[in-house]
Amino acid sequence: MTDMRQSQIFRTSKLEEADGPGLNPTATATMGDIIAARFSRRGFLKGSMATAAIAATVSPVALLAADEAKAQSASRFNFPEVEAGVDADHHVAQGYDADVLLRWGDKLFPDAPDFDPTRQTEAAQERQFGYNNDFVGFIPLEGATDRGLLVVNHEYTNEHLMFPGIVTMQNGEMVVADATEERANIEMAAHGGTVVEIRKVDGKWQPVLDGALNRRITAKTEMQLTGPAAGHARLQTTADTSGRKVFGTINNCAGGVTPWGTYIMAEENIHGYFTGELPEGHAEAGNYDRLGVPGGSYQWGHFHKRFDLGAEPNEPNRFGWVVEVDVMDPTSVPKKRTALGRFKHEGAESVVAKDGRIVFYLGDDERFDYVYKFVTAGRFNPDDRAANMDLLDDGTLYVARFDEDGSMEWMPLVYGQGPLTAENGFDSQADVLIETRRAGDLLGATPMDRPEDIQPNPMTGRAYVMLTNNTRREEANAANPRVDNAFGHIIEILEEDGDFTATAGRWEILLQCGDPSVAEVGATFSTETTKNGWFGMPDNAAIDADGRLWVSTDGNSMADTGRTDGLWAVDTEGDARGTSRLFYRVPVGAEMCGPCPTEDMSTFFVAVQHPGDGGEDWEGHGRVSYYEDLSTRWPDFRDDMPVRPAVVAITKQGGGRIG
Ligand code: FEO
Ligand code: CA
Ligand code: CA
């Protein structure tokens, strides 16, 4: 397999579902690649079991169209459901507006050049909105509801959708030309994050180009490593003998906004950016194997030797962290907070516990990897922002074990405790944090079906874990009860006494996802859920100001579910528990990221990621999609403009609270 081929696979939304290795050697299941086909919707409907399965299990209500379904009063949501399906555009519930706020290439500063896709430069991209928006957070300025900072992660780049003239089709296969140095640098500038002031004018949000706090963070921005692993020899390189100064952040998936108003960027699939080979017999070989380093999906290492393992064997240890950005100072140096561990961080949503400590929930998005949380040692001081600025450097990281009886334990990852000793190759807390996954293995953490976003609900003391899928699972456990789990599930954690710092709790499965009309899928949506309301592959989540759960998805497609990804409202309480409704859906090929409701529920920001990346299974395109032959040109629909990832602001027509 060449670099390029890997790169194409990597840069689809389904990296982990494609050919990625099962990286947890302690997990039992590695079944292979045959399952996706089996679970395709078409496969089911053709199957001889299909009719009998539907007849045996489906509630008539589940098959009703949205407008026919009874909106039972038990639901806490009230909006007309969008019809599920696939097309080139996005769709929001009737009575709402979905306005594009920021697109890839949009200016973020008064002096930024206008976006010209045929004349991209690194310098221009550094002043423009980056690619593939994922996490979205909103930080009000001076308590205003109509003015604030939008913080947005730019997770990765899709070169075949971004650059003209680099794709050739050979025997139906897409071949992408090798990167030039300039292209690699544009890609690096399109990664990272954006901080931009936005303001509501006449009821519509717009970016404020001369906002004093606007900034771009890229794969080259200077950052500081802090916390227990900072300065460790394993973090030192020829360019940085201190082990404390690193350039850039990559593959920032989800993230968070802390109670003190900083922006959290989680580094997820960092393996893909490294190329080359470790020197023979190098001590980091096992560490890197566990993370799939080097993934070889990008060619940056050809031009920037730090991404080449042969030249700079410690560089991968400087990625895979949680990054904290002080957005109130546009010159601040972002901090990689090593106390929160190093793995494929999906996100880092936080909550203030009863005693004032802050708890961060952390998913490690790989098949058979783990659920974590971090509890700060210090307490949040709501009256003194400065006093909170280094809370993330001191605390305890825990990994979860979900037991068969519905109980669970949060096990501390602390050097010297249990197996985390020199006997197992850990000589300090730094070693435990650099190899967090191996520490979790030794403690007997529960291998999960790809933990993504984990959303605490401050009103209930519960937290919701998105488990997106795992088609390689051949042995179920109680918390991951389906083998060949193509559609994922959501676990609800009930912390003991509703205390987020608790080291024990209970858990139950809120939802097994997938089509409830196909018995073999085993989906558990309530019978109130319509044919539009069910979904697969939960990825991100939000709890709104009323304590209600919203779930966004990654991986629904014509082939898998007959629908695009989208944003669903999910009831968690009372008789309506397990009822889901479709509120917004993305254009063909896209994934739905960043659901971010504002505190007053007047706006829901959502991120449409990698639109147009796909369309083979959709009759509207029916072939590979790339710059010169796109499945959609959303959101501009102009012949001279490619498809562009974008952040969308959803508001209620005439104003008012959403949902
Ligand atoms: Fe970047 Fe786990 O999604
Ligand atoms: Ca994600
Ligand atoms: Ca979230």
Side-chain angles (χ1 to χ4, degrees), residues 77 79 90 92-93 96-103 129-130 132-141 144-155 193-200 204-207 252-259 261-266 325 327 346-351 360-361 452-458 464 466 538-554 565-570 583-586 590-609 645-652 657-659:
F77 296 98
F79 60 83
H90 65 163
V92 70
Y96 292 84
D97 288 327
D99 299 307
V100 172
L101 174 61
L102 281 161
R103 304 160 294 189
F129 196 61
N132 271 347
N133 28 226
D134 196 303
F135 175 77
V136 179
F138 178 73
I139 302 169
L141 286 172
T145 56
D146 59 354
R147 182 177 164 243
L149 296 176
L150 200 72
V151 295
V152 183
N153 284 352
H154 302 295
E155 187 182 19
T194 288
V195 179
V196 60
E197 184 177 333
I198 59 172
R199 196 187 285 264
K200 218 185 226 177
K204 298 288 181 192
W205 290 98
Q206 52 183 245
N252 304 93
C253 194
V257 169
T258 63
T262 56
Y263 163 33
I264 300 284
M265 313 169 73
V325 183
V327 293
E346 169 70 21
E349 297 280 10
S350 58
V351 63
F360 287 78
Y361 285 89
E452 304 258 23
D453 216 354
I454 306 174
Q455 197 71 40
N457 185 339
Y464 296 89
M466 306 299 122
D539 186 345
N540 295 126
I543 297 285
D544 68 22
D546 297 327
R548 303 178 304 177
L549 177 66
W550 300 76
V551 173
S552 69
T553 62
D554 171 20
D565 285 317
L567 179 63
W568 276 266
V570 179
F583 180 66
Y584 173 84
R585 76 177 220 223
V586 297
E591 151 184 1
M592 178 90 282
C593 299
C596 172
T598 54
E599 189 61 30
D600 63 2
M601 281 304 289
S602 68
T603 307
F604 220 125
F605 297 108
V606 292
V608 176
Q609 194 190 63
V647 170
V648 171
I650 299 173
T651 51
K652 197 170 186 175
R657 291 174 80 84
I658 286 174

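- Counting heavy atoms from C-beta outward, F605 and V152 have side chains that stay 4.5 Å or more apart.
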Would you check, one step at a time, whether the test side chain to side chain contact (heavy atoms under 4.5 Å, CB included) holds for K652 with F79? CA-CA 10 Å; K652 197 170 186 175; F79 60 83; over 6 Å; no
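- Between G566 and M592, the shortest heavy-atom contact is O-CG, 3.3 Å.
- Taking CZ of R657 as the reference point, atom OG1 of T598 lies at 8.5 Å (rounded to 0.5 Å).
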As a quick check of understanding, evaluate side chain to side chain contact (heavy atoms under 4.5 Å, CB included) for I543 and E349, giving each step before the final call. CA-CA 11 Å; I543 297 285; E349 297 280 10; over 6 Å; no
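- Smallest separation of non-hydrogen atoms from S350 and P259: OG-CD, 3.6 Å.
- With rounding to the nearest 0.5 angstrom, the CG atom of L141 is 5.5 Å from the CD atom of E197.
- Distance check, rounded to the nearest 0.5 Å: NE2 of H154 to CG of N133 gives 7.0 Å.
- Q455 and N540 share no side-chain donor-acceptor pair at under 3.5 Å.
- Closest heavy-atom contact between P595 and A542: O-CB, 3.5 Å.
- For the pair E591 and T553, the tightest heavy-atom approach, listed with the atom from each and the gap, is CG-O, 3.9 Å.
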Evaluate the criterion ring-ring contact (aromatic ring centres under 6.0 Å, His included) for residue pair F583 and F77; output intermediate values, then yes/no. CA-CA 10 Å; F583 180 66; F77 296 98; 9.0 Å; no
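- Here the closest non-hydrogen pair linking P207 and L101 is CD-CD1, 3.9 Å.
- The backbone N or O of D453 lies less than 3.5 Å from no partner atom in the side chain of Y464, so there is not a single donor-acceptor pair.
- Judged by distance alone, the side chain of D600 and the main-chain N or O of S602 form a donor-acceptor pair under 3.5 Å.
- Between F135 and V151 there is a side-chain heavy-atom pair separated by less than 4.5 Å.
- V608 places a side-chain heavy atom less than 4.5 Å from the side chain of V648.
- Side-chain atoms of D134 and Q609 include a donor-acceptor pair closer than 3.5 Å.
- Put simply, the side chain of T603 reaches to within 4.5 Å of the side chain of K200, judged on heavy atoms.
- Annotation for A348 and I264: closest pair CB-CG2, 3.7 Å, computed over non-hydrogen atoms.
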I650 vs V606, test: side chain to side chain contact (heavy atoms under 4.5 Å, CB included). Steps then yes/no. CA-CA 8 Å; I650 299 173; V606 292; 4.0 Å; yes
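- I139 contributes atom CD1, which lies 7.0 Å from atom OG1 of T258 (distance to the nearest 0.5 angstrom).
- Judged purely by distance below 3.5 Å, without hydrogens or angles, the side chains of W550 and D544 pair a donor atom with an acceptor atom.
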Would you sort out whether E346 and D539 count as a side chain to side chain contact (heavy atoms under 4.5 Å, CB included), showing the intermediate values? CA-CA 9 Å; E346 169 70 21; D539 186 345; 3.0 Å; yes
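- For the atom pair Y263 OH and N153 CG, the distance stands at 3.5 Å (nearest 0.5 Å).
- Under the 4.5 Å side-chain criterion, counting only non-hydrogen atoms from C-beta, I658 is not in contact with P597.
- Rounded to the nearest 0.5 Å, atoms NZ (K204) and CG (D146) are 15.0 Å apart.
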